[in-house]
Structures are given as C-alpha cells and as structure tokens.
Engineer: 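Here's a structure for you.
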Number of protein chains: 2
Amino acid sequence: MADKYQCLKLDNQLCFPLYAVSKEIVRKYKPFLDEVDLTYTQYIVMMVVWEEEQVSVKEMGKKLFLDSGTLTPVLKTLEKKGLIERTRSKEDERNLIVTLTPSGKALKDKAVKIPAQIGGCLNISPEDAVELHKILHKIMETL
Amino acid sequence: MADKYQCLKLDNQLCFPLYAVSKEIVRKYKPFLDEVDLTYTQYIVMMVVWEEEQVSVKEMGKKLFLDSGTLTPVLKTLEKKGLIERTRSKEDERNLIVTLTPSGKALKDKAVKIPAQIGGCLNISPEDAVELHKILHKIMETL
DNA sequence: TCAAAATAGATTGTGTACAATTCAATTACA
DNA sequence: TGTAATTGAATTGTACACAATCTATTTTGA
C-alpha cells in the first residue's frame, strides 16, 4: 500500500515549487533593481504607472493583486523618492490618483534594461516560457 | 517600430504571473490551514518535520529556501504551540535539532486532507500540473 | 596548541502581505 | 431630503522574508 502521507511531501506539492521559484526569481532581480533603487514590489508598482500614467489605488490593486494595506505604504515610499505623485480625484475625493513625475518617467529608460538582464539569468527555453505563461494564466483564471 | 517599452508591461513578464499565482494559491490555502491553526509558512515547515522527524535549521533552510532569520521565529512559534521541540545537538552544539512532539505527529493526520482540498479548488488538468512541475523544476535548477 | 577562520543560529532593521477595522466621501432609497 | 448602505483608502496588528550583523561553537593550520 502506498504511503498515505505521500501527498504531504514537499516534492509532490504544486504550490511549494511555485512559491519557491517565485521567491528565488525575485531574489535574482535584486542586484538589477538595486541599480535603480527599487524593491521588487516598488518595481511592479512603477510598471503599472509607466503603462498607465494615471491610476487609482483600486485599479492598481486589481492589476497587481494587492490591497490598499500593501499599496498605501509602497506608494508613500515612491512619492518620497520623487517618482510619483498622489492626489485625490476632483470628481470623487475617495479615489487617490497616482501619476508619474518627470523623475519617475526618466527612470523608465533605466528600467527598460532589466527584463533582458533577468532573461539572461534564467536560462529558460522560449517554448517553456510560453508554456509556463499559458498554464499560469489558466490557473489565474480559475482563482 | 515596436514600442521599446514593450518588455516593461506586466503581461509580458514571466516573474509577475509566478509571483501572483503563488500568492493567490497561498491565499486559497488559508481556510483549510485555519482548520489546523497553521499559516502557510508554518505548514511547509511542519511538512519537513513530518517527513524527516529530525532536522537541523540548516537542513530545513536548504529544503525550504529560507534562512534562519525567517525560520527561527517560525520554529519558536511552533514550539510554543507544542508541535515541535528545539534542542541543541550534543555532538555539535551549533546545530539546533527540530523534532516532532506527539501533538505535532497527531496533527499530520488532520493535515493529510489539505492537499486534496486544495486540488479541488485549483481545477488544473493533470497534464498541466505535470508540465508545470517539470518547468518549475527546470528553472529551479538553473538558479 | 592556540589563535584565526569557518560554521550554525539568533538578532536587528526594513519592507512587504493581508485580514480586520476605521474613516471620509458618495450613492441609494424610503 | 435625509439617513442608511456602499465605496475607496488608510490604519492597525500579525506574520513572514531577507540582508547584515552578532555570538557561540567547532575546525584548521602555522
């Protein structure tokens, strides 16, 4: 009879490798992110602002799967660094609108090198990358 | 000419979906882990102790990709809950040995249901699960 | 053999994550 | 129209994660 605890082994779990790989890749980003003085979370927040130029905290939370409890302090830090501005919407004062400063816009040109640098570290085949992307997308939809 | 900032879009990144899916799955664990009064980190630590019965912090760190800065407080919490014991090795006092208590062993029988419960939430095909596992393993090796 | 190097954990400080609660602004509706 | 319900952020409290430093123990090598 097969060990009834087989399912409790780390190797047999799906979540643990995801958790571990995700953490290790984020760690790989560190030296490159240090160059632009951003943490990984700050980086993905900036990616949203670079794409949108104008976002509310709620919209950003939807894109990044983060809530205001996480975003508020990160956004305040980025504001202190002079990369973004936080202003209340005039139409609806409940909404906080995040916009890029010139300094934040300038950082985009430095950050544009990062994805290629990470790609160089990862050594993953294009087919695997596409397949992985597809599966992750599928999982995300069921959640 | 293609947008030179294309690579900075969230959708085109490999790390971000990994990070997001990993976080969302951990969140899916919560209600089931609440039943056994464990957080996700405490759960994977317990999984190591359930498999090994006897581990040092260093060995555990290698398996979980976590350092003592993370593990020390988690292990102290689990000790307070009465699930494990922390004792120094007699052969080498630098090593801290983690062992199961009867209560910790008993919890294994409750936890054994969790993987199936998560599986029921995920709705991922067996083929995709295998493929995902394979790719993640491959990435982990290059890191 | 004994001081220097190495090793294993613990500690400290910073930065997320997230649930739960609070608060202010807006909307709904009796 | 005025109060109740809703909404969007901020706040609070708990729990990681990790770099950097510190401490105690063990091992090495001149």
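We name chains A, B, ... by the order of the sequence lines, and we start the count at 1 in each one.
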Engineer: What orientation do B/Tyr19 and A/Tyr40 show, parallel under 30°, tilted 30 to 60°, or perpendicular over 60°?
Structural biologist: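 Perpendicular.
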Engineer: Any salt bridge between A/Asp92 and A/Arg94, counting N to O under 4.0 Å?
Structural biologist: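 Salt bridge between A/Asp92 and A/Arg94, a charged N being under 4.0 Å from a carboxylate O: yes.
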Engineer: For nucleotides 10-14 of chain C, give me every protein contact, N/O to N/O, under 3.5 Å, one pair per line with atom names.
Structural biologist:
unit_1 : atom_1 : unit_2  : atom_2 : d
C/dA10 : OP1    : B/Arg86 : NH2    : 2.8
C/dA10 : OP2    : B/Thr72 : OG1    : 2.6
C/dA10 : N7     : B/Ser68 : OG     : 2.8
C/dT11 : OP2    : B/Lys76 : NZ     : 2.7

Engineer: Which word best sums up how the rings of A/Tyr43 and A/Trp50 line up, parallel for under 30°, tilted for 30 to 60°, or perpendicular for over 60°?
Structural biologist: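 Rings of A/Tyr43 and A/Trp50: perpendicular, over 60°.
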Engineer: Provide, to the nearest angstrom, the distance between the NZ atom belonging to A/Lys90 and the P atom belonging to C/dT26.
Structural biologist: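 That distance rounds to 14 Å.
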Engineer: Could you check how far CG of B/Asp67 sits from P of D/dA17, rounded to whole Å?
Structural biologist: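 Atom-to-atom, B/Asp67 to D/dA17, this comes out as 11 Å.
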Engineer: So do B/Leu78 and B/Leu38 actually touch side chain to side chain, heavy atoms under 4.5 Å?
Structural biologist: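 Yes, close enough: below the 4.5 Å cut-off.
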Engineer: At 4.0 Å (heavy atoms only), tell me whether A/Thr77 reaches a base, stays on the sugar-phosphate, or touches nothing.
Structural biologist: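 The answer is nothing, as A/Thr77 stays clear of every strand by at least 4.0 Å.
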Engineer: Find every protein N or O atom lying less than 3.5 Å from an N or O atom of nucleotides 3-7 of chain D, and list the pairs.
Structural biologist:
unit_1 : atom_1 : unit_2  : atom_2 : d
D/dT7  : O2     : A/Arg94 : NH1    : 3.1

Engineer: First locate atom CG of A/Leu14, then atom CG of B/Asp128, and finally report the distance between them rounded to the nearest 0.5 Å.
Structural biologist: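 Between atom CG of A/Leu14 and atom CG of B/Asp128 there are 10.0 Å.
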Engineer: Do A/Gln13 and B/Pro115 touch side chain to side chain, with heavy atoms closer than 4.5 Å?
Structural biologist: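 Yes. Closest side-chain heavy atoms under 4.5 Å.
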Engineer: Same cluster or not: A/Met140 versus B/Ile124, using hydrophobic residues (I, L, V, M, F, W, Y) connected whenever any side-chain heavy atoms lie under 4.5 Å apart?
Structural biologist: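 Linked, A/Met140 and B/Ile124 end up in one cluster.
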Engineer: Among residues at least two apart in sequence or on other chains, which ones pass side chain to side chain donor-acceptor pair (under 3.5 Å) with B/Asp109?
Structural biologist: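 Once residues adjacent in sequence are excluded, the partners of B/Asp109 under the side chain to side chain donor-acceptor pair (under 3.5 Å) criterion are A/Lys4, A/Tyr5.
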Engineer: Only counting residues at least two apart or in another chain, list the ones meeting side chain to side chain donor-acceptor pair (under 3.5 Å) with A/Asp37.
Structural biologist: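 Applying side chain to side chain donor-acceptor pair (under 3.5 Å) to A/Asp37 gives none.
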Engineer: Under 4.0 Å, heavy atoms only, any strand: does A/Glu91 hit a base, just the sugar-phosphate, or nothing?
Structural biologist: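 Sugar-phosphate contact only - A/Glu91 comes under 4.0 Å of backbone atoms but never of a base.
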Engineer: Over how many whole Å does the gap from B/Asn95 atom CG to D/dT26 atom P extend?
Structural biologist: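 After rounding, the gap between these two atoms is 9 Å.
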Engineer: Give, for atom CD1 of A/Ile25 and atom CZ of A/Arg27, the distance between the pair rounded to the nearest 0.5 Å.
Structural biologist: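 One gets 12.0 Å once the value is rounded to the nearest 0.5 Å.
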Engineer: Would you mind reading off the distance between A/Glu93 atom CD and C/dA24 atom P, rounded to a whole angstrom?
Structural biologist: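 It is 13 Å, rounded to the nearest whole Å.
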Engineer: Distance-only check: which donor-acceptor pairs under 3.5 Å involve side-chain atoms of residues 57-66 of chain B, not counting sequence neighbours?
Structural biologist:
unit_1  : atom_1 : unit_2  : atom_2 : d
B/Glu59 : OE1    : B/Ser56 : N      : 2.9
B/Glu59 : OE1    : B/Ser56 : OG     : 3.4
B/Lys63 : NZ     : B/Glu52 : OE2    : 3.2

Engineer: Using heavy atoms and a sub-4.0 Å distance, could you list which residues of residues 13-47 of chain A are near DNA chain C? By number, please.
Structural biologist: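 Residues of residues 13-47 of chain A under 4.0 Å from DNA chain C: A/Thr39, A/Thr41, A/Gln42.
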